[in-house]
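Every number for a ligand or one of its atoms is a count from 1 in the order of the listing.
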Amino acid sequence: MKSCIFFLYNVSDSIRIKLLMYIIVKEIEKMGYVDEVLEKLKAKNASEPEFLQAAEEVLDSLRPVIDANEAVYRKEALLERLVEPDRQFKFRVPWVDDKGQVQVNTGYRVQFNNAIGPYKGGLRLHPSVNIGIIKFLGFEQIFKNSLTGLPIGGGKGGSDFDPKGKSDREVMAFCQSFMTELCKYIGADVDVPAGDIGTGAREIGYMFGQYKRIRGSYEGVLTGKGLTYGGSLARTEATGYGLLYITQELLKCHGETMEGKTVVISGSGNVAIYATEKAQQMGAKVVTVSDSTGWVYDPEGIDVALLKEVKEVKRARLTEYAAARPSAEYHEGRGVWQIKCDIALPCATQNELLLDDAKQLAANGCKAVCEGANMPTTLDATKYLQENGVWFIGGKAANAGGVATSALEMTQNSERLSWTFEEVDSKLQQIMVNIYHNIDDAAKRYGMEGNYVAGANIAGFEKVAEAMLAQGVC
Ligand code: NDP
Ligand code: 2IT
C-alpha cells in the first residue's frame, strides 16, 4: 500500500486519474448486491438521512439471506423494488386558526409495500415531519407488519402540523382538511392509517368523521378509533403492553423475570405510559419518563395515574407531574439513560439513544434495551450494546404490538363484532411471544444467535420477499 501511494505521488496527473478510475471500477466489481443497492440508494436519497439509516440497518443485516439467493433477487431486482415506495403523496393542508388566520401545512402518505396486505401504518403530526422521516417509518413498517404474522403491508403518513398548544377546534380544522385530501388514497382494503406521535384518539375521531362525511362509507378505514365507533379494546394499551410482553419473554428465555427490575423509560406519550403501567404490573419499578423539554427521575416509581392525568387529560408538561409528586425530581434537557437500571425502554422518538448513552447503560449493568419507539437507538449505539453483552430488541419487533392490535381492530370491523379486552390482550401476548421466538430462530438459522436485530429483519423480509416474487414484476 505504501509503495502504491509513493508511486501515485511520482506519476503525472493523467496516469494518476486513470489509476484511480481503475481502482474504483475494480472496487465496484467486488461489491455485492447489497452494497450496490445501498450505494445507489445513498446517491438518490442523500437528503433523507433517517430513511438511509433505516435502509442500511435492514439491508446490512440481510446480507446472509441475500447472498444465499443473490442470482434470483438480482434478476428480479427485488431489493431495488423493496426500497422504492409503491407511491407517495404530498399535499397542501390549509386550515383556519382561532384568530381567523389561514394556516398551511404539508401532508404526506407513503404507500410503501402491499405485498402481504393493505398498506398499514400511523400518521405522525410533529413539526419535524418531512418526506425522509415518513419514508423511514414506512420502510420499517413493512418488516414490522410482516413480523406480526397478520396480513398487513407497510405505509406511513403525517404532517408538519404541531397539535401542541392548539385548541380542539383548531385540531379539528386541521384534521378535516388533512382527511379531505387523504381520503382519496385510503380505504379499508387499500390503506388503513392509525395513530403515531401527535395523533391520538382525538385526531383519529376527527379524521374518521371527515372520511365518513366525504366518502359516505362507514368502514374500518382508520384504527385506534374510539370504542363507540368501531375501535378495539386494548388498542390504546397495545404498543406499551406488547413491548413488555416481548421483554418478559426475552428475560424468561435467559432465566430472568421482570419482578424487582429497575426500568428507565423515555417519552411520556401513548407508548411510554402503557409500557410503564405494564412494567409495574409485572413487578418492576419504572423510575424515569421524559418529554421534549425535560425528564423526571422518581426513585419511588412513576405514579401512572398521575402521569395519565398530566399527559392524557391536561396535555401538560412533566413539570406538573414533578410539582404534584414529592419523590420526583425534574431536570431540563435529556438524561434518562444516565440512571442506573436493569432494563431501558426508549419510547419517545428516533435517534434519542446515542453512543455515549449506550456506553453509560452498559457501564451501569443494564441487561436489556427494547425499543418502544421507532429507531430510537443510533446504529453505532446499537452495535455497542450488542457487542457489550446487552440484549437488544429493535422497534420492528418490540413495538409491533400496536400495529398487530390495529390489525385485530380491522378483523373485528370486518366481522362487525367487538371482542373483550381479555380476548384482544391474550392474542396480543401470543403475537409478541411468537415474534420473540421467530426472530430468535431466524438469527440462529443464519448463525447469528442473540442478534435480534438481524433476526427481525430476516424474519420480516422472508415473507415479504416470497410474496413479492410470487406476484411477479409489480
Ligand atoms: P405520543 O405523541 O403519544 O408521545 C410521544 C412522546 O415522545 C412524548 O412524550 C413526546 O414529548 C416525546 N417526543 C416526541 N418527539 C420528541 C423529540 N423530538 N424529542 C424528545 N421527545 C420527543 O407518541 P407515541 O407514544 O404514540 O409514539 C412514541 C414512539 O413510539 C414514536 O417513535 C412512534 O413512532 C412509536 N410507536 C408508536 C405506536 C403507537 O401505537 N402509538 C406504535 C409503534 C411505535 P412531547 O409531548 O414533549 O412532544
Ligand atoms: O409505528 C407504528 O407501528 C404505529 N404507529 C402504529 C401503526 C398502526 O397502524 O397501528
Q: State which residues pass salt bridge (charged side-chain N to carboxylate O under 4.0 Å, His left out) with Glu237; sequence neighbours excluded, sorted by chain then number.
A: none

Q.
Given Asp196, Leu318, Leu125, Leu243, identify the one with the heavy atom nearest to atom 34 (O) of ligand 1.
A. Asp196

Q: Could you find the nearest protein heavy atom to atom 2 (O) of ligand 1 and give me its residue, atom name and distance?
A: Gly198 N, 2.9 Å

Q) Are Tyr321 and Tyr330 an aromatic pair by the rule of ring centers under 6.0 Å? A) no

Q | Among Glu422, Gln429, Glu423, side chain to side chain contact (heavy atoms under 4.5 Å, CB included) partner for Asp425 | A | Gln429

Q. Which of the atoms in ligand 1, numbered in the order shown and given with their element, are less than 4.0 Å from a heavy-atom of Ser290?
A. 9 (O)

(Q) For Trp95, does the six-membered ring have the charged nitrogen or CZ of Lys166 within the cation-pi criterion, i.e. under 6.0 angstrom from the centroid and within 45° of the normal? (A) no

Q: Considering only non-hydrogen protein atoms, determine which one is nearest to atom 21 (N) of ligand 1 and report residue, atom name and distance to 0.1 Å.
A: Ser292 CA, 3.6 Å

Q.
For atom 37 (C) of ligand 1, what is the closest protein heavy atom, and at what distance to 0.1 Å?
A. Val271 CG2, 3.5 Å

Less than 3.5 Å apart, N/O on ligand 2 and N/O on the protein: could you list those pairs with the distances?
residue: ligand 2; atom: 1 (O); partner: Lys144; partner atom: NZ; Å: 3.0
residue: ligand 2; atom: 1 (O); partner: Lys156; partner atom: NZ; Å: 3.0
residue: ligand 2; atom: 1 (O); partner: Asn374; partner atom: ND2; Å: 3.0
residue: ligand 2; atom: 3 (O); partner: Gln141; partner atom: NE2; Å: 2.9
residue: ligand 2; atom: 3 (O); partner: Lys144; partner atom: NZ; Å: 2.8
residue: ligand 2; atom: 5 (N); partner: Lys156; partner atom: NZ; Å: 3.3
residue: ligand 2; atom: 5 (N); partner: Gly195; partner atom: O; Å: 3.0
residue: ligand 2; atom: 5 (N); partner: Asp196; partner atom: OD1; Å: 2.9
residue: ligand 2; atom: 9 (O); partner: Lys120; partner atom: NZ; Å: 2.7
residue: ligand 2; atom: 10 (O); partner: Arg235; partner atom: NH2; Å: 3.0
residue: ligand 2; atom: 10 (O); partner: Ser406; partner atom: OG; Å: 2.5

Q: Give a yes-or-no answer on whether the side chains of Gln281 and Lys278 include a donor-acceptor pair shorter than 3.5 Å.
A: yes

Q) So is Thr293 close enough to ligand 1, meaning a heavy atom under 4.0 angstrom away? A) no

Q. Touching ligand 1 at all, His126? Heavy atoms, strictly under 4.0 Å?
A. yes

Q) Any heavy atom of Met375 sitting closer than 4.0 Å to ligand 1? A) no

(Q) On a heavy-atom basis, which atom in Gln141 and which in Gly121 lie closest, and how many Å separate them? (A) CD-CA, 3.9 Å

Q | atom 12 (C) of ligand 1: the protein heavy-atom neighbour that sits closest, reported with distance to 0.1 Å | A | Ala348 CB, 3.9 Å

Q. If we only count N/O pairs under 3.5 Å, is Lys144 in contact with ligand 1?
A. no

**Q.** Minimum-distance protein heavy atom relative to atom 27 (O) of ligand 1
**A.** Ile197 CG1, 3.7 Å

Q | Donor-acceptor pair between Ser327 and Asp298 side chains, under 3.5 angstrom | A | yes

Q: Would you mind telling me if ligand 1 is within reach of the side chain of Asn270, the backbone, both or neither, using heavy atoms under 4.0 Å?
A: both

**Q.** Contact check, Glu352 vs ligand 1, heavy-atom distance below 4.0 Å
**A.** no

Q: Return yes when Arg317 approaches ligand 1 closer than 4.0 angstrom through a heavy atom, no otherwise.
A: yes

Q) What's the shortest distance from atom 17 (C) of ligand 1 to any protein heavy atom, and which residue and atom give it? A) Thr349 CG2, 3.5 Å

Q: Within a distance under 4.0 Å of any heavy atom of Cys347, pick out the atoms of ligand 1 and give their elements.
A: 28 (C), 29 (C)

